[in-house]
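Both counts, for ligands and for their atoms, begin at 1 and track the order of listing.
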Amino acid sequence: MKLYNTKSRKVEEFIPNNNDSVKMYTCGPTVYHYAHIGNLRCYIMEDVLEKTLNYLGYNVTRCMNITDVGHLSSDSDTGEDKMLKGAKREHKTVLEIAKMYTEAFFEDLKKLNIKKPEIIAPATDHIDEYIKVITKLLEKGYAYKSNGNIYFDITKLDDYYTLTNHKEDEMVVGARSDVLEDAGKKNQGDFVLWFTKSKFEDQELKWDSPWGLGYPGWHIECSCISMKYLGEYLDIHCGGVDNIFPHHTNEIVQSEGYLGHKWCNYWFHVEHLNDETGKMSKSKGEFLTVSLLESKGYNPLIYRLFCLQSHYRKQLVFSYLGLDNTQNTYNKLKNKINSLKENSNGEIDKTIIEEYQNKFKQALENDLNTSSALTILFDVLKLDTTNKTKLYLIEDFDKVLSLDLLKDDQINSELLEYINKKIEERKLAKENKDYTLADTIREELESKSIYIKDTREGTTFEVRK
Ligand code: AMP
Ligand code: ZN
């Protein structure tokens, strides 16, 4: 398989350390709020990567952390602690916030058919690991103590900026003039491994350490969790592009400083999803979550398909118009598949199966080209072969695509609630003689394959897929 490696800045042949077994690490969510659909784009594409590796015959062990401590608003050592911010906002404890949003995150994964990584590791469960690694980094001279905090000294390495080719000055942590620099640092780019002098006196979670009561920095969490569960040699590390610097850059120097050898070979980064105004946000504008999409009548898998239609290394702009187009594509796809299912006799043509499985593989092996893989799926529908052969291939491709292509459609409670709300709004519009609005509502429903009928008993509906 060929994959773009952020580290070499090239598309490379993916060769795991250990033949057919792959060790994969994914930066998990910071559980201070719901995940927005941008965060989830990242997890969808990582899921496709894992399933593709499985499809190609690799055995994948995947680990993901849950960041429930240490992630400050700026991604470096400045700004407010995100978890504390969430707890204050909702008048709850940090642990309550973490539990609630971790569960919400898992719900989102389920709705989007994202397989939960085999190993899920909350950051707060691994304090001993951080202490062990930081102690060794201090012994080896990579870290130093200053003003009560433990810092990593980036000048101890030949090349700190391994993942970026930016000019050093532009990349320095906290180099913005409006950020008050920590006077305890030897170099501007040094970052905190362990805080005891917290800027937040009300920090709820603190642990004993050889350096006093405190808490870990965000970056050390991922290094330690990855090394604990996946060992000294990692094949592939994933995240969104915003993680490249400083988070992943810092993970590399911590892990390699500790281990004394190269740690991870491939770095996989998913480009951002933006909204029409620009960067996706959890605090400004419409907070785009999976639940919000559901409340507007969209099956979450439409969003999954929306993501698969474009390449993971391209920025993607979210719009409802775009999602409606994807909805139409999905409906057509399901319609065709349903009619194949109604008449699924005939023999399986093994030659065609092999040919199209190879085409599907080739698309994915080409730096995870999911839109080409979808084209192969549409090609299969147009083939002159038996329905049984087509259904076999569709089922096979869906192991990676995970779009419930063969599943019978059911109306879930969210969709039912949405339809009833729309019917009610239309009734009101008609009572107010606002027929334009009534028609708009009917059209909106029809765009989602929901057809309404006015009868003497009231309005009924039918979902035609
Ligand atoms: P966080 O919960 O902030 O730690 O982010 C979780 C994951 O989502 C990280 O891997 C981020 O890099 C990724 N991410 C954040 N914003 C976006 C976005 N707009 N589009 C895609 N991925 C994102
Ligand atoms: Zn991480």
| message | Do Ile302 and Leu293 have side chains that approach each other closer than 4.5 Å (heavy atoms only, starting at C-beta)? | response | no
| field | Neighbouring protein N, O or S atoms of the Zn ion (ligand 2), below 2.8 Å | value | 3
| said: Between Glu96 and Lys99 (salt bridge meaning N to carboxylate O under 4.0 Å), is one present in this structure? | reply: no
| message | Please tell me whether Tyr4 and His311 have a donor and an acceptor in their side chains that are separated by less than 3.5 angstrom. | response | no
| query | Does some side-chain heavy atom of Lys2 sit less than 4.5 Å from a side-chain heavy atom of Glu365? | reply | no
| SB check Asp47 Arg304 (cutoff 4.0 Å) | yes
| query | Does the side chain of Cys238 reach to within under 4.5 Å of the side chain of Arg62, using non-hydrogen atoms? | reply | no
| message | Pair Tyr101, Tyr34 - check side-chain contact (heavy atoms from CB on, under 4.5 Å), show working. | response | CA-CA 6 Å; Tyr101 289 116; Tyr34 294 108; 3.8 Å; yes
| task | Using a strict 4.0 Å threshold on nitrogen-to-oxygen distance, state whether Lys421 and Glu417 make a salt bridge. | result | no
Can you give me a line-by-line list of nitrogen or oxygen pairs between ligand 1 and the protein shorter than 3.5 Å?
from, atom 1, to, atom 2, distance (Å)
ligand 1, 2 (O), Thr30, N, 2.9
ligand 1, 4 (O), Thr30, OG1, 2.9
ligand 1, 5 (O), Asn39, ND2, 3.4
ligand 1, 8 (O), Asn39, ND2, 3.1
ligand 1, 10 (O), Gly240, N, 3.1
ligand 1, 10 (O), Asn243, OD1, 3.0
ligand 1, 12 (O), Gly240, N, 3.1
ligand 1, 12 (O), Asp242, OD1, 2.4
ligand 1, 12 (O), Asp242, OD2, 3.3
ligand 1, 12 (O), Asn243, OD1, 3.3
ligand 1, 19 (N), Leu273, O, 3.0
ligand 1, 20 (N), Gly38, O, 3.3
ligand 1, 20 (N), Leu273, N, 2.9
ligand 1, 22 (N), Gly38, O, 3.1

| field | Lys/Arg N to Asp/Glu carboxylate O, Glu129 vs Lys132, below 4.0 Å | value | yes
